[in-house]
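Below: one structure, written as structure tokens.
This is a predicted model, so every value here is computed, not measured.
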Amino acid sequence: MFLQGKRVDLPSAPVVHKRFEAHAEATPDALAVHCAGREVTYAELEVMANRFAHFLVAGGHGRGTKVGICLDYSIDMIVAILGTLKAGAAYVPLDPSYPPERLRLLLGQIPGLGLIVASPATTALVESAAVEVVDAERLSVHPAGRPTTAPDVSVSGDDVCYAVFTSGSTGTPKLTAVRHEGWFNLLNWLTHEYGLHSGSNNLVVSAFGFDLSQRSLMAPLFCGATQHLMASRNFDVLLAYRMLTERDIRVVHCASSTLYLLVDREIARGGDALGQLDYVLFGGEPLKAERIADWARREGNTCTLLHQYGVAECTDVATSYDLAGYRPGAQDIAPVGKPAYNTEIHLLDEHLRGVAVGEYGEICIAGVGVGAGYLNGPGPESEKFTTVVVDGEPRRLYRTGDRGYATEAGDLVVLGRIDAQVKVRGMRIDPVDIERALGRLDGVREAAVVTTYNDFGEAELSAFVVPAEADLAEDDMRTRLLSTLPRNMVPDRLVNISRIPLSPHGKVDRAALADATKGL
């Protein structure tokens with residue numbers, strides 16, 4: 001048994017930047033990008049991207065090359081991305097919000113790296129690279145007579161368009177490659193399934209290195225809308241909300257924890273800019289439905305909340321669910337919905353055999369979104385990328401390492417990571433289950449649970465709780481948890497904190513919380 005998304009024919013050359021080029025020809029004067037008071041039209045952006053593409057091709061950085069981009073959000077960033085695609089190369093985000101040590105590690109993990117595009121503000125972060133670092137601002141000001149038309153480069157759906165780093169289950173950075181066909185399929189599905197159009201203006205709120213950000217960056221240009229960028233290296237909830245209020249933004253893509261912050265801002269200070277959006281597409285971590293339930297039910301809130309699931313190795317999004325129909329029960333987990341176009345979800349047991357409806361299995365993704373594999377590790381057909389036979393036909397798929405099941409309605413429910421389970425006092429548990437139980441307690445706004453190990457190698461659970469109002473007594477929380485959880489799942493420590501720290505990607509920063517346990 002598997003879940004099958006709608007099968008849709010794609011163009012013979014499913015290449016994302018061709019859709020942008022079509023809009024540049026049809027609506028050249030339409031606003032393409034706005035950032036920090038600077039604006040460019042589709043026609044202007046097309047010319048700038050073409051010149052940069054010719055610069056790359058002339059330098060031998062065309063098809064098959066990897067172009068590192070270490071830039072803050074800016075029009076130059078969009079020019080670099082589009083120009084790289086037009087040259088037939090693939091871009092690799094090198095997020096300037098990362099610590100320098102992290103960037104140095106990543107720079108050594110990119111095979112085929114041809115050059116890096118940086119700015120005066122970011123060049124020092126990548127100066128250790130063994131390749132040329134070019135100044136995006138200099139290229140923008142001095143195009144050196146490069147042609148303004150697109151270079152004559154053949155790009156196919158099988159070519160790699162971008163590659164992003166993911167920590168993977170081992171914590172070692174892996175550079176996972178996405179193909180043009182998969183990215184085109186994703187953006188085509190979003191456009192047609194949700195009726196995105198030239199007015200579906202977008203605001204980017206996630207960090208550049210996040211796989212979600214690649215979709216967020218290109219979606220408005222794919223449908224002819226305007227891309228709005230914040231002039232801030234790190235997420236600034238006040239700036240983001242102000243832009244939602246002042247600009248004609250209709251769509252936001254973000255991690256669940258980022259959505260909570262935007263909701264908190266709207267509730268605390270009043271306003272309805274978030275609730276009046278057309279769509280918020282979010283996911284990337286387990287949903288704490290209670291964090292947004294009251295806001296979502298507010299009178300006049302017309303925003304459609306799309307709870308989505310996917311992995312970087314399979315072009316970011318595989319399934320989507322409209323939360324409008326979700327009515328949580330005491331132990332419910334919000335579904336992540338049905339597969340995207342040309343996507344299959346297989347739920348398999350440890351022997352790679354399908355499980356029945358309602359039975360738990362490993363979530364595996366098949367279809368055109370499956371990427372080209374890890375560029376700095378094992379080949380695409382080894383390890384997590386594998387092939388199974390379904391109905392007599394081989395299916396290339398990716399084993400996500402996530403647990404889940406399919407409902408009778410055909411929706412996927414994600415239970416958590418298989419490798420996130422830990423043994424506590426001899427019993428296997430998933431810390432996410434504890435977070436959900438804490439989130440249902442009165443007086444708890446949000447909670448995060450981390451696992452650490454003592455000097456004897458025994459697992460210990462620490463829960464960090466954000467109270468809705470006054471601090472909560474540890475003994476009281478423990479007593480209330482014992483009414484819903486077995487004793488071995490009740491954390492050893494329950495600590496009040498003012499907020500849950502987030503990583504640059506907008507997710508819960510569990511490493512920071514684990515470090516915080518050392519002082520407890």
Side-chain angles (χ1 to χ4, degrees), residues 234-238 240-241 254-270 282 284-296 328 330-334 416-417 420 422 424-425 429-455 458-520:
N234 299 302
F235 176 65
D236 182 334
V237 66
L238 297 180
Y241 196 85
C254 63
S256 300
S257 291
T258 302
L259 174 59
Y260 305 152
L261 295 178
L262 289 169
V263 167
D264 288 346
R265 163 60 183 82
E266 184 150 289
I267 291 175
R269 302 198 180 187
F282 68 101
E285 55 189 341
L287 172 64
K288 301 167 184 174
E290 64 279 355
R291 287 287 278 111
I292 60 174
D294 291 342
W295 167 82
Q331 301 297 326
D332 284 352
I333 301 173
R417 295 286 303 166
V422 293
V424 178
R425 304 180 191 98
I429 65 165
D430 189 334
V432 172
D433 292 334
I434 304 171
E435 291 178 358
R436 293 189 178 111
L438 280 165
R440 297 186 186 104
L441 297 182
D442 288 341
V444 174
R445 171 176 290 183
E446 191 175 359
V449 176
V450 295
T451 306
T452 55
Y453 293 87
N454 61 25
D455 294 339
E458 300 167 334
E460 295 183 341
L461 299 170
S462 297
F464 293 85
V465 176
V466 179
E469 294 178 358
D471 282 358
L472 300 166
E474 183 174 359
D475 289 344
D476 177 61
M477 284 190 284
R478 183 171 285 109
T479 299
R480 287 191 284 160
L481 280 177
L482 284 169
S483 66
T484 59
L485 294 178
R487 186 172 296 276
N488 72 298
M489 292 182 69
V490 175
D492 301 276
R493 308 177 189 88
L494 290 146
V495 183
N496 288 274
I497 57 174
S498 59
R499 64 179 181 85
I500 300 294
L502 301 185
S503 71
H505 290 174
K507 296 183 180 182
V508 173
D509 192 340
R510 297 185 186 278
L513 291 175
D515 286 343
T517 64
K518 298 174 183 177
L520 299 178

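Judged as a side chain to side chain contact (heavy atoms under 4.5 Å, CB included), and not counting sequence neighbours, the contacts of P491 are I434, L461, A463, L481, L494. Under the side chain to side chain donor-acceptor pair (under 3.5 Å) criterion, E290 pairs with no residue, sequence neighbours left out. Here S256 pairs with nothing under the side chain to side chain donor-acceptor pair (under 3.5 Å) rule; sequence neighbours left out. In this structure, the side chain to side chain contact (heavy atoms under 4.5 Å, CB included) partners of D515, at least two apart in sequence or on a different chain, are K518. Among residues two or more places apart in sequence or in another chain, the salt bridge (charged side-chain N to carboxylate O under 4.0 Å, His left out) test is passed with E446 by K288, R291. Residues passing the ring pair (Phe, Tyr, Trp, His ring centres under 6.0 Å) test with F282 are H307, sequence neighbours excluded. By the side chain to side chain donor-acceptor pair (under 3.5 Å) test, E435 pairs with R510, sequence neighbours left out. Shown here are the salt bridge (charged side-chain N to carboxylate O under 4.0 Å, His left out) partners of R499, two or more places apart in sequence or in another chain: there are none. Applying the salt bridge (charged side-chain N to carboxylate O under 4.0 Å, His left out) rule to E474 yields the partners R478; only residues at least two apart in sequence or on another chain are considered. In this view, D509 satisfies the salt bridge (charged side-chain N to carboxylate O under 4.0 Å, His left out) rule with no residue, not counting sequence neighbours. A search for side chain to side chain contact (heavy atoms under 4.5 Å, CB included) contacts involving L472 returns V444, V465, P467, M477, R480, N496, not counting sequence neighbours. Applying the side chain to side chain contact (heavy atoms under 4.5 Å, CB included) criterion to L261, with sequence neighbours excluded, gives F235, V237, L502.
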